[in-house]
Number of protein chains: 4
Amino acid sequence: MILRLGYDIQFELPAPVAIVALLSVHPSRVADLRAPDELRLDPAVPAETYVDTFGNRCTRFLAERGLIRLSESTLIYDSGLPDPIRLDAREVPVQDLPHDTLRYLLSSRYCEVDRFSTIALELFGGVAPGWSRVQAVCDWIHSRVSFGYQYARPTKSALDVFTERFGVCRDFQHLAVTMCRALNIPARYATGYLGDIGIPASPDPMDFSAWFEAYLEDRWWTFDARHNRPRIGRVLMATGRDASDVAMTTSFGMANLKHFVVVSEEVQPA
Amino acid sequence: MILRLGYDIQFELPAPVAIVALLSVHPSRVADLRAPDELRLDPAVPAETYVDTFGNRCTRFLAERGLIRLSESTLIYDSGLPDPIRLDAREVPVQDLPHDTLRYLLSSRYCEVDRFSTIALELFGGVAPGWSRVQAVCDWIHSRVSFGYQYARPTKSALDVFTERFGVCRDFQHLAVTMCRALNIPARYATGYLGDIGIPASPDPMDFSAWFEAYLEDRWWTFDARHNRPRIGRVLMATGRDASDVAMTTSFGMANLKHFVVVSEEVQPA
Amino acid sequence: MILRLGYDIQFELPAPVAIVALLSVHPSRVADLRAPDELRLDPAVPAETYVDTFGNRCTRFLAERGLIRLSESTLIYDSGLPDPIRLDAREVPVQDLPHDTLRYLLSSRYCEVDRFSTIALELFGGVAPGWSRVQAVCDWIHSRVSFGYQYARPTKSALDVFTERFGVCRDFQHLAVTMCRALNIPARYATGYLGDIGIPASPDPMDFSAWFEAYLEDRWWTFDARHNRPRIGRVLMATGRDASDVAMTTSFGMANLKHFVVVSEEVQPA
Amino acid sequence: MILRLGYDIQFELPAPVAIVALLSVHPSRVADLRAPDELRLDPAVPAETYVDTFGNRCTRFLAERGLIRLSESTLIYDSGLPDPIRLDAREVPVQDLPHDTLRYLLSSRYCEVDRFSTIALELFGGVAPGWSRVQAVCDWIHSRVSFGYQYARPTKSALDVFTERFGVCRDFQHLAVTMCRALNIPARYATGYLGDIGIPASPDPMDFSAWFEAYLEDRWWTFDARHNRPRIGRVLMATGRDASDVAMTTSFGMANLKHFVVVSEEVQPA
């Protein structure tokens with residue numbers, strides 16, 4: 001299956017501002033690309049790319065005053081298979097976890113693990129460890145948090161989601177990530193493309209999506225507390241501790257979003 | 001000048017628990033060591049060391065049920081010079097910052113940069129950029145926050161410090177780090193030894209200390225919003241986004257602190 | 001000047017629910033009424049009225065499952081004069097305040113006075129006490145907080161407004177009330193009708209409005225940190241510590257708002 | 001049974017400060033007094049008493065700069081009976097509650113009912129309504145929150161207690177009050193004397209105590225989520241929405257506590 005991916009994002013800038021964009025396909029998917037993956041800037045300004053400590057490809061540039069457009073359109077091969085499931089994947093005792101997974105057990109801006117240690121145990125301490133426990137976290141959140149764009153706000157943390165029970169996809173995942181960490185299961189926040197491949201059309205406009213990954217057995221597995229079912233066509237862009245690490249764009253100064261379109265769709269065979 | 005460094009920390013564990021310790025001297029100071037820097041565990045259990053993504057040397061082990069003692073005593077050479085000052089060190093525009101400093105501009109668990117962007121500008125937007133601005137942040141915090149061990153709590157964030165105006169050294173630095181980041185100055189949290197070298201004896205028992213580093217001109221500089229004056233004899237152990245990244249010990253299970261002694265003193269020449 | 005006041009509010013109730021409505025004109029304005037002030041319930045259910053400890057007229061009833069409509073239309077005389085100003089109104093030392101104003105110095109749900117005592121002094125401690133100080137609070141908030149319906153949320157407190165700098169009228173007033181109390185000036189939250197009498201038409205649909213009252217000299221005075229200028233045609237409905245005390249409707253169970261229209265306009269003379 | 005009650009509280013004041021004290025026995029217990037209930041001020045300053053809107057007897061005065069001592073010693077008759085229990089006391093549907101209990105269903109500074117509506121239902125929605133539900137709230141809190149003076153802080157709210165699981169008596173009651181209100185059971189915070197009558201001596205120094213009252217059937221009943229068993233010798237001083245309303249002393253300016261002794265003990269018959 002070939003997917004067309006792309007976006008058209010425009011900001012109005014009252015003054016020049018440095019921007020870091022995490023809009024590239026994740027290095028783990030680069031081999032699947034069928035067309036160049038290249039952020040176009042209009043007006044063109046010099047840009048640098050680098051890989052951050054989480055392994056994400058970042059692009060940074062100084063945007064000039066006025067309107068700036070970030071856009072691209074590329075093609076990627078996808079297996080067309082839904083997210084893998086392995087029901088017998090075990091939790092790894094902390095002492096046996098790989099070194100580089102340990103940081104995904106700690107608190108971060110939107111994931112106050114230190115405030116959930118007892119709550120998580122009360123809710124999920126009795127569930128069989130391993131895949132079923134992460135799934136129980138997802139089920140709990142999916143059934144008790146309601147989705148709505150009007151509930152989004154940049155400072156919303158897992159604790160806010162836990163008390164308000166409303167949010168957007170980022171909020172569902174923050175709460176799930178926090179619960180997993182509080183149970184000593186490494187969990188990280190993930191962003192990327194997620195089209196409506198194989199499911200009835202959704203009324204919402206296409207957007208980037210957030211999901212999360214939990215470390216079980218010997219690898220990271222995809223979970224999604226918002227949709228809470230295996231999906232086809234996820235294309236990972238970035239992983240990090242939480243949304244603070246992997247914002248699509250981080251502007252170090254004022255930037256007013258004027259236009260935002262994301263595309264992720266199957267290319268019909270000729 | 002030769003300093004004797006050491007600690008004796010004891011936990012009572014109701015069950016086996018995985019522990020990560022950041023109790024080693026920082027790699028940047030290893031060349032100064034005059035004796036082995038080795039964490040002793042009693043009872044002895046197998047331990048592994050590794051370097052985390054922040055560049056800190058970490059030790060991890062599975063502690064058995066019962067009492068566990070972490071201790072060491074080592075020697076290190078120190079220049080005996082106070083923290084360097086460079087009044088004309090400039091702020092680096094975000095677009096010119098090294099890639100690896102950018103993560104120290106973002107929000108983290110105890111540093112809610114996203115909630116301080118306007119406050120920081122209101123307080124320090126009018127101060128001349130560069131060294132003087134970071135110093136102004138330190139002066140402000142030093143004169144408006146009161147120190148007291150009774151005000152410590154593990155979940156206290158920069159916003160809590162800003163409203164409560166009480167805290168321990170970690171709290172002073174969290175607020176300073178947050179203000180700097182909100183001003184687009186990379187800032188990171190630092191922990192280590194800080195004895196009373198060259199100053200009148202303090203009534204407080206010796207403890208590890210926290211300070212912070214700000215990136216100006218072309219390097220990281222030591223600042224300390226609690227003491228707010230150049231000190232002699234800091235020995236860096238770890239840097240990270242905030243206290244969550246660089247806790248002396250992180251226990252993934254219950255661990256009751258029973259004993260805690262830290263030593264950092266000049267060894268008198270014979 | 002005669003104003004026509006009214007509303008049409010409809011809820012869909014999945015189950016019967018007790019509701020308390022503060023939709024009557026405040027007792028202090030009853031003498032100005034030129035038509036009955038009567039909440040109509042459709043379907044009709046028995047309702048009781050009472051006066052709460054803040055002096056507001058409340059109506060309570062048990063609404064049945066299904067759609068319930070709360071509506072009324074009445075007429076009231078208004079002087080047509082703008083909010084009174086008395087620039088030389090003095091702050092009253094706490095020891096001389098009337099007993100019943102003291103509760104308006106304390107913390108309440110959305111007004112965390114205990115977290116603002118230092119901040120308020122830093123910002124307004126140097127301003128001349130009295131009317132000018134309350135006005136300085138309003139000026140500060142009016143110029144630094146941006147209005148937008150998308151920033152409303154039920155749990156938003158003064159501290160949230162202080163850090164986010166976005167909100168609806170209730171948020172502006174909560175921050176102002178909190179600042180005043182932290183300065184030892186009694187302040188209470190007020191709700192009522194506020195039409196666009198005497199000002200160019202606003203693009204926003206008519207809504208109830210919130211403002212606040214501060215106690216100076218020998219009485220309560222109207223201030224409004226959102227509009228921040230004297231207005232014509234305010235009709236007070238209720239005062240309390242904050243929005244929690246004087247919600248237009250408090251539903252003790254699920255109630256989905258389906259329709260909401262408020263009218264407040266000058267009746268043209270024949 | 002005759003109890004001797006008293007206190008000796010001393011503040012150091014850097015400047016004159018207005019103080020409101022809620023240190024009188026509650027009007028509902030005045031008939032039991034066997035000696036005058038009179039706050040002594042040393043140095044003597046004029047004081048006024050009044051009853052606040054919650055029905056508490058308050059004393060207010062302007063304390064001079066320097067040391068001020070508030071003290072008294074009185075005698076009161078007590079039945080010697082433990083807190084009454086009525087297991088079949090029913091919850092009153094909101095529509096049938098007396099008007100003046102409704103305010104004890106709303107959010108207040110330390111009781112964020114709006115953030116607990118779902119949590120309370122999840123935890124206690126399945127428990128039989130009435131006395132048993134309030135008792136279930138107390139049992140849950142009593143068994144899951146740990147007591148410790150080191151965990152006290154003035155800004156701690158019910159949500160903080162729920163996540164931290166540590167606190168002093170006020171914190172236990174704030175969480176219980178919040179849970180009850182979220183279940184539509186009126187609940188109010190209570191303060192008073194509570195000696196160790198009839199129980200083995202406690203190692204803690206005597207202090208004032210906090211408990212709470214829930215409205216069931218046709219009256220307010222005493223509950224205590226900290227001790228969680230019927231006690232002998234409670235002497236009520238004040239009730240209110242939460243600790244903000246009924247602080248023993250509220251100082252409108254700086255006041256440093258220098259001495260604090262409370263007495264509540266049975267007077268041995270001759």
Side-chain angles (χ1 to χ4, degrees), chain A residues 16-20 45-55 58 60-63 92-100 102-103 105-117 121 153-157 159 181-185 240-247 250-254, chain B residues 16-20 45-55 58 60-63 92-100 102-103 105-117 121 153-157 159 181-185 240-247 250-254:
Chain A
V17 59
I19 294 180
V20 175
V45 289
E48 273 183 289
T49 64
Y50 65 98
V51 173
D52 67 17
T53 63
F54 299 102
C58 309
R60 55 187 290 196
F61 53 91
L62 178 64
V92 182
V94 174
Q95 60 271 21
D96 298 328
L97 284 168
H99 300 325
D100 60 3
L102 293 176
R103 65 173 152 169
L105 292 174
L106 302 178
S107 287
S108 56
R109 171 64 184 97
Y110 302 114
C111 299
E112 311 101 325
V113 182
D114 50 351
R115 300 194 74 174
F116 275 91
S117 47
L121 269 179
R153 64 176 191 272
T155 59
K156 198 172 197 169
S157 74
L159 185 57
R181 291 182 191 168
L183 296 163
N184 287 340
I185 303 170
R241 289 204 187 170
D242 63 29
S244 181
D245 289 332
V246 294
T250 302
S251 305
F252 296 93
M254 199 174 294
Chain B
V17 59
I19 293 180
V20 174
V45 289
E48 272 183 289
T49 63
Y50 64 99
V51 173
D52 68 18
T53 62
F54 299 102
C58 309
R60 55 188 289 195
F61 53 91
L62 179 64
V92 182
V94 174
Q95 60 271 21
D96 298 330
L97 283 168
H99 300 324
D100 59 3
L102 292 177
R103 64 173 153 170
L105 292 173
L106 302 178
S107 287
S108 56
R109 171 64 183 97
Y110 303 114
C111 299
E112 311 101 325
V113 181
D114 50 353
R115 300 193 74 174
F116 275 91
S117 46
L121 270 179
R153 63 176 191 271
T155 59
K156 198 172 197 168
S157 73
L159 185 57
R181 291 182 191 168
L183 296 164
N184 287 341
I185 303 169
R241 287 204 189 169
D242 62 29
S244 182
D245 289 331
V246 294
T250 302
S251 304
F252 296 93
M254 199 173 294

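Chain A is the first sequence line, chain B the second, and so forth, proteins listed ahead of strands; every chain is numbered from 1.
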I need the minimum non-hydrogen distance between [X] and [Y], along with the two atoms involved.
{"X": "B:P154", "Y": "A:D114", "value": "O-OD2, 4.0 Å"}
{"X": "B:T49", "Y": "A:H99", "value": "O-NE2, 4.4 Å"}
{"X": "B:S107", "Y": "A:S244", "value": "O-OG, 3.4 Å"}

Under 4.5 Å from any heavy atom of chain A, what part of [X] do you find: side chain, backbone, both or neither?
{"X": "B:S108", "value": "backbone"}
{"X": "B:L97", "value": "both"}
{"X": "B:D242", "value": "neither"}
{"X": "B:V20", "value": "side chain"}

| task | Below 4.5 Å from any heavy atom of chain B, which atoms of A:T250 appear? Answer side chain, backbone, both or neither. | result | side chain

| remark: Between the SG atom in A:C58 and the CZ atom in B:R103, the distance rounded to the nearest 0.5 Å is 11.5 Å

| request: For residues A:R241 and B:L106, determine if any side-chain heavy atom of one lies less than 4.5 Å from a side-chain heavy atom of the other. | output: no

| said: For a 4.5 angstrom cut-off between non-hydrogen side-chain atoms, does B:Q95 reach A:V45? | reply: no

| query | Does B:R153 have any side chain to side chain donor-acceptor pair (under 3.5 Å) partners at least two apart in sequence or in another chain, and if so, which? | reply | B:D160, B:E164

| task | Quick one: list whatever passes side chain to side chain donor-acceptor pair (under 3.5 Å) with A:N184, sequence neighbours left out. | result | none

| Top of A:F54, A:Y110, A:F61 for chain B proximity - count of heavy-atom pairs under 4.5 angstrom | A:Y110

| said: So which residue, B:R115, B:E48, B:R60, ends up with the most heavy-atom pairs under 4.5 Å with chain A? | reply: B:R60

| note | Among B:L105, B:D52, B:D245, the residue with the most heavy-atom pairs under 4.5 Å to chain A is B:D245

| said: Between B:R109 (side chain only) and A:V113 (backbone N and O only), is there a donor and an acceptor less than 3.5 Å apart? | reply: no

